[in-house]
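What follows is a short report on a single structure.
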Amino acid sequence: MTYQISERLRRLPPYPFVELDRLKSEAIARGADIINLGIGDPDLPTPKVIIDALTEAANDPANHQYPLGAGMIQFRKEVSSYYARTRQVDVDPATEVCTLIGSKEGIAHFPLAFLNPGDVALVPDPGYPVYHSATIFAGGEPYAMPLLAENGFLPDLDAIPDAVYARTKLMFLNYPNNPTAALAPAEFFEKAIAKAKKHGFAILHDAAYLDMVYHGVKPLSFLEIPGGKEVGIELHSLSKTFNMTGWRIGYAVGNKSLVQGLLNLKTNVDSGVFGAIQKAGMVALQNYESLMPGLIATYEARLKVLNDGIRSLGWRDFTLPKATFYVWIRNQSGLKSIEMVKTLIQECGIVTTPGTAFGQSGEGYFRIALTTSKERISEAITRLSNIAL
Ligand SMILES: *Cc1c(COP(=O)(O)O)cnc(C)c1O
């Protein structure tokens, strides 16, 4: 028997990185030396203090049983302390924090908890693809909010028709932004909050890159904005901050009814995060202030190599990111994004991500991730200088 996948699965675009992985494998099979500036997965190891905490906790039988859905109260208290220390934001660990198996899991489940069939979710375009697919899984209708360079990669909230707002239950936002690396000013968040109140929708702010910041910039947490906690939930993750993408731990923080609704849904799907990983996550958050400067310095040094290199190539259509580890570049060659990315793989052995992997408004762009060493970035620049684009 060959079984057919469901209609809801068929409505999804293919996961973009699968196609890229295939192209990459073909290049490797040809013997090419590949420089991977594609997927945003830190190449550096998790700090030792965190690994040591995991080892110790893994030996404790208390962690061998089912973890509780919302996560250990000690872990949630540590999350609350992180928000109090770094953001002067008050969150109640008992009711306003939910542990996640990575923030992707929370993003994927949130619409199932809050959308009814036919409800609209406003989705940034370009954006992390899960906002779109999670909305479809829930029977909702994604409505694309273009992020354009001329608007600082912020959606134009006044351009969305009232008839769409009337059907909107959820808005996804993500700043610092993947893939554009843009930050959002307080006025933008204030405006989004006013729209949410007026039209009665919730805001999910994906803050995966809240800590990935350069040269002393401090992006805003959504919960710092007056009214943020009334209408929203913020998802944060240890993945990017502490080089822990493989560990699968993050959390949702914010409006109690949104946190509890998500938890209600999750209780029916998963059984939480391994206790030893939560213990290690606590140690990560406790050591946030001492660990961050070293982690950030590495990316700042890479960014400088990339920036100097790209300028030397004469490319002008990009801005040096203040946050995230992405550089979002409009290619000047007139090639479609996917053609550009294929050319870079085939002619230079360089893997990047086409802008269209993040939505139609990404056409004409490609994304470089700083998840490889300075030396390899420098080598990539040399290769780029040898081809005509
Ligand atoms: C990496 C990433 C995530 C997922 O992070 P996990 O916590 O590892 O699931 C979520 N949102 C954006 C925008 C990301 O880039």
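Whatever order the structure lists ligands and atoms in, that order sets their numbers, starting from 1.
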Sub-4.0 Å heavy-atom contact, Arg248 with ligand 1: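 For ligand 1, residue contact (heavy atoms, under 4.0 Å) with Arg248 is present.
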
Heavy-atom gap Thr245 to ligand 1 smaller than 4.0 Å: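 In this structure, Thr245 fails to qualify as a contact of ligand 1 - no heavy atom is under 4.0 Å.
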
Carboxylate-amine/guanidinium contact Arg383 Glu379, below 4.0 Å: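 Judged by the 4.0 Å cut-off on N to carboxylate O distance, Arg383 and Glu379 do form a salt bridge.
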
Lys/Arg-Asp/Glu bridge criterion (N-O < 4.0 Å) met for Lys229, Asp90: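 The answer is no: the pair does not qualify as a salt bridge.
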
ring-ring contact (aromatic ring centres under 6.0 Å, His included) partner of Tyr131, the single match among Phe110, Phe137, Phe172: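 Running ring-ring contact (aromatic ring centres under 6.0 Å, His included) over Phe110, Phe137, Phe172 with Tyr131 returns exactly one hit, Phe172.
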
When you measure from [atom] to every protein heavy atom, which one gives the shortest distance, and what is it?
| atom | answer |
| --- | --- |
| atom 1 (C) of ligand 1 | Lys240 NZ, 1.4 Å |
| atom 15 (O) of ligand 1 | Tyr209 OH, 2.6 Å |
| atom 8 (O) of ligand 1 | Ser239 OG, 2.6 Å |

Atom CD of Gln88 with >12 non-hydrogen neighbours under 6.0 angstrom: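 It does: Gln88 CD has more than 12 such atoms within range.
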
Side-chain donor/acceptor of His205 to backbone N/O of Ser221, under 3.5 Å: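 No: the side chain of His205 does not pair with the backbone of Ser221.
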
Modelled atom types, side-chain donor and acceptor of Ser337 and Glu363, under 3.5 Å: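 Distance-only check passes for Ser337 and Glu363.
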
Considering all heavy atoms, the nearest Ser257-Phe114 contact: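 For Ser257 and Phe114, the tightest heavy-atom pair comes out as O-CZ, 3.5 Å.
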
Sole residue of Val231, Ile233, Leu263 in side-chain contact (heavy atoms from CB on, under 4.5 Å) with Leu258: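 So, applying the side-chain contact (heavy atoms from CB on, under 4.5 Å) to Leu258 and each of Val231, Ile233, Leu263, only Ile233 qualifies.
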
Examine the proximity of ligand 1 to [X] and report which part, side chain or backbone, both or neither, has a heavy atom under 4.0 Å away.
| X | result |
| --- | --- |
| Ser103 | both |
| Asn174 | side chain |
| Glu105 | neither |

Numbered atoms and elements of ligand 1 in range of Gly102, under 4.0 angstrom, heavy atoms: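 Checking each atom against Gly102, I get 7 (O), 9 (O).
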
Atom indices of ligand 1, in the order listed, that fall short of 4.0 Å to a heavy atom of Ser237: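 This gives 6 (P), 7 (O) as the contact atoms.
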
Pick from Thr324, Thr241, Asp206, Asn177: the one approaching atom 11 (N) of ligand 1 most closely through a non-hydrogen atom: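 Selected option, by shortest heavy-atom distance: Asp206.
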
